[in-house]
Amino acid sequence: MRLAVFGLPVSPLLLVSVVVALLLAFLYRYTVLGRQMLAAGANPAAAELSGVRVGRVFILCHMLSGTLAAVAALMVVARTGAVIPAMAGQLGQDWLLPAFLGPVLGGTLLAGGRVSVLGTFLGAALVTMLTNGLLLLRVGEFWVQACLGLLLLLAVMIDLGRRSWLARRGVV
Amino acid sequence: MRGVLSSFARTDWFGPLVVVLIATVFITIANPSFLSPFNIQVLLLAVAVNTLVALSQMIIIAIGQMNLSVGAIGGLAAISFAGMMQVWELPVSLAVVGGLAVGIVAGLLNGVFIAWTGISAFVITLASLSVFKGINLGITRAQPFYGVPEAVKAFGATTFLGPLPWPVIPAALVTFAVWYLLNRRPLGRYMLAVGGNAHAAVLSGISVERTVIAAHAVSGGLAALAGILLVARLQLGQPTIGDDWLILSFAAPVIGGAVLAGGHVSVAGTVLGVFVVAIITQALVLFQIDPFFVQVVLGVLILWAVGVNRFRELRVGKATGKA
């Protein structure tokens with residue numbers, strides 16, 4: 001099934017992820033629970049002293065994470081029309097790298113306390129486009145994984161450079 | 001007697017040793033073929049390779065980090081070893097040196113990146129896991145190297161003194177070397193110091209960067225040796241070598257009493273942890289339980305061991321008056 005938005009064919013699956021991303025952005029920006037999650041990530045001790053129940057927030061975070069993974073799994077099933085036990089590779093390893101690439105490329109702090117939903121969305125789009133582009137360039141399907149690994153190294157390096165540049169200019 | 005027992009109970013290796021003995025007795029009663037020479041040979045072969053995998057992760061746990069690329073390094077070293085012998089027709093000794101060098105350089109790169117950028121080892125080794133695995137698949141195009149020399153095949157298939165397989169010898173020597181490094185050499189003590197408290201280590205004049213890089217190089221070398229032994233055991237250079245090492249590499253050190261935050265590991269405990277995992281895996285096979293449950297059992301085992309370690313830490317903390 002294809003939907004047309006401004007004449008462009010769009011998969012309905014994309015609409016699902018856009019809606020989920022909007023909901024997440026709303027959660028982190030405008031709800032108490034979202035702010036508590038960020039506070040607990042930035043400094044658990046300070047959050048606890050400010051009345052955030054850090055343990056409960058962590059449990060809710062992991063529940064949310066599990067739900068999002070389940071949504072992604074349902075979307076894969078809808079796309080492939082089949083259910084394969086090894087869908088995400090051995091122990092889900094095929095999802096591990098993209099799962100980190102998206103947020104890190106999008107500027108999420110690995111130390112916790114800051115997320116960017118839009119950045120993560122764009123990061124995931126970039127990873128998909130690069131994988132697709134590398135295949136079109138006939139790099140060879142076996143080298144794509146090596147390139148993605150190098151991309152993650154590059155991304156964390158750029159993030160590090162960006163932060164030290166901002167720190168030198170006294171912005172952060 | 002009571003003093004001796006309680007001083008034993010305080011060591012890291014006591015718990016896993018009791019588990020190994022009880023499990024052996026119960027499984028032998030239920031199924032006497034467990035202690036047959038052939039089963040012992042299979043068990044020891046698995047233990048020889050897995051001990052090196054576990055020690056490779058243990059070195060990194062000692063400095064308070066994680067190394068997700070243990071399996072990828074092992075796989076890359078294994079196919080380099082097999083490839084050098086088949087494609088370049090190098091003698092076995094040179095190929096072993098070459099395979100080990102690949103592993104040490106791969107670990108060195110991990111260490112340099114972590115020490116230089118200060119980014120968490122988890123992310124760096126996740127990236128390098130992908131890079132090394134990608135290079136592995138790029139070289140082999142997912143096809144195994146079949147041209148492993150007869151000498152290497154014989155090393156992995158024959159035994160000495162009854163049921164003892166030959167790979168046990170390098171594994172035992174390396175295990176002793178790692179114990180010597182961590183307990184008797186300055187470098188090993190530095191690693192534990194960095195893992196225990198990096199800030200205090202810097203103030204004591206230890207170079208954290210150099211220690212981290214050295215630990216990752218040692219870890220890479222151990223993973224490479226495990227990969228090379230696995231080539232001898234499987235009789236071919238499989239590109240999938242190392243894919244399933246990750247869970248085991250964490251399970252054994254943690255069962256052996258290692259603290260994941262760093263600074264405290266036990267070589268004897270880790271070896272016994274490998275035995276626990278191997279015996280449980282074998283028991284599942286002997287009792288004809290679905291092999292897919294091995295993953296579930298390993299996961300539960302890690303959680304249980306982490307819980308036990310935490311409980312012991314809290315108790316020791318209470319006894320000495322600090323948390």
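In what follows, every chain begins at residue 1, and chains take the letters A, B, ... in the order their sequences are listed. These numbers were taken from a predicted model, which means no experiment stands behind them.
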Closest heavy-atom contact between B:Leu246 and B:Asn67? CD1-O, 4.3 Å

Most chain A-contacting option - heavy-atom pairs closer than 4.5 Å, from B:Gly138, B:Gly134, B:Ser130: B:Ser130

Quick one, B:Val148 with B:Phe81, criterion side chain to side chain contact (heavy atoms under 4.5 Å, CB included). Give me CA distance, side-chain angles, the key distance, then yes/no. CA-CA 9 Å; B:Val148 176; B:Phe81 171 63; 5.7 Å; no

For the residue pair B:Pro253 and B:Thr270, what are the closest heavy atoms and their distance? CA-OG1, 3.7 Å

Taking the side chain as every heavy atom from C-beta outward, state whether A:Val144 and A:Leu135 have any pair of such atoms under 4.5 Å apart. yes

Please look at B:Phe132 and chain A and tell me whether the side chain, the backbone, both or neither of the residue comes under 4.5 angstrom of a heavy atom of that chain. neither

Heavy-atom pairs under 4.5 Å with chain A are the metric here; pick the option from B:Leu129, B:Ile139, B:Leu126 that has the most. B:Leu126

Quick check on B:Ser128 against chain A: is it the side chain, the backbone, both or neither that has a heavy atom closer than 4.5 Å? neither

Cut-off 4.5 Å, heavy atoms of chain A, and the answer for B:Ile135 is both

Look at B:Val131, B:Ile119, B:Val123 and state which one has the largest set of heavy-atom pairs under 4.5 Å with chain A. B:Val131

Nearest heavy atoms of A:Arg53 and A:Glu48, plus distance in Å: CA-OE2, 4.5 Å

